[in-house]
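Data block below; observations after.
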Amino acid sequence: MRGLLAAILMGLALWRAAADWQATIGQGYAYRLTPIGQVIEAAAPETYASVIGAWKATSVPYLWDPVGATLMSLPLALVLAALAALVWFTRRRR
């Protein structure tokens, strides 16, 4: 089951990387992977705004900048690939 989940996550990572390739190279720009924050903002703008607002309004110093900003700038394709690798390498061996 973990192998199937790892394969699905890796497939999603490759699909996202290919979609980013088509979006940037096809327009004549340098290849750039889409960050998580941009994907979430496009899918749910109100939720994204409330999450960012909550991070910025917290009393914990440095929660938004640099921690939250760094997390939201991670490339989605690489995060999916890292999750797939984590699931694959931590699976139980026979």
Side-chain angles (χ1 to χ4, degrees):
M1 190 61 163
R2 282 183 169 230
L4 178 63
L5 181 61
I8 290 171
L9 286 171
M10 188 55 76
L12 287 173
L14 292 173
W15 173 79
R16 186 71 230 184
D20 291 341
W21 174 270
Q22 292 297 322
T24 55
I25 297 296
Q27 297 296 319
Y29 300 118
Y31 181 57
R32 183 177 69 87
L33 295 172
T34 305
I36 292 174
Q38 185 177 347
V39 174
I40 295 172
E41 185 178 18
E46 298 85 18
T47 304
Y48 179 77
S50 65
V51 167
I52 299 304
W55 275 0
K56 288 181 178 179
T58 187
S59 63
V60 178
Y62 306 112
L63 183 61
W64 169 245
D65 190 19
V67 176
T70 302
L71 290 176
M72 286 295 162
S73 67
L74 292 173
L76 180 61
L78 295 181
V79 170
L80 289 172
L83 285 174
L86 179 70
V87 168
W88 180 258
F89 290 123
T90 60
R91 75 188 196 287
R92 180 177 277 172
R93 306 290 197 271
R94 292 183 186 188

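Residues Leu83 and Phe89 fall into different hydrophobic clusters, defined by Ile, Leu, Val, Met, Phe, Trp and Tyr side chains chained together at heavy-atom separations under 4.5 Å. Leu74 and Met72 end up in the same hydrophobic cluster when Ile, Leu, Val, Met, Phe, Trp and Tyr side chains are linked at under 4.5 Å. The cluster map of Ile, Leu, Val, Met, Phe, Trp and Tyr, joined by side-chain heavy atoms under 4.5 Å apart, puts Met1 and Leu86 in different clusters. Hydrophobic clustering (side-chain heavy atoms under 4.5 Å, transitive across Ile, Leu, Val, Met, Phe, Trp, Tyr) keeps Leu14 apart from Leu12. Residues Val79 and Val51 share a hydrophobic cluster, clusters being chains of Ile/Leu/Val/Met/Phe/Trp/Tyr side chains in contact below 4.5 Å.
Side-chain atoms of Thr58 never come within 3.5 Å of backbone atoms of Trp55 as a donor-acceptor pair (strictly under, hydrogens ignored). Judged purely by atom type and a 3.5 angstrom limit, Arg16 has no side-chain atom pairing as donor or acceptor with the backbone of Ala13.
In this structure, Tyr48 and Ile40 approach most closely via the heavy-atom pair CD1-CG2, 3.9 Å. The two residues Leu71 and Ile36 make their nearest non-hydrogen contact at O-CD1, 4.1 Å. Considering all non-hydrogen atoms of both residues, Leu33 and Leu78 come closest at CD1-CG, 3.8 Å. Arg2 approaches Val87 most closely through the heavy-atom pair O-CG1, 3.4 Å. Between Ala30 and Thr24, the shortest heavy-atom distance links the atoms O-CB, 3.6 Å. Of all non-hydrogen atoms in Ala6 and Ala84, the two that sit nearest each other are O-CB, 3.5 Å.
Within the 4.5 Å cutoff, no side-chain heavy atoms of Leu76 are placed close to those of Thr34. When side chains are defined from C-beta on, Ile52 does not count as touching Glu41, because their heavy atoms never get closer than 4.5 Å.
In this structure, Asp65 CG and Thr70 OG1 are separated by 7.5 Å, a value rounded to the nearest 0.5 Å.
Enclosure of atom OH in Tyr31 by more than 12 non-hydrogen atoms of other residues, nucleotides or ligands within 6.0 angstrom is indicated.
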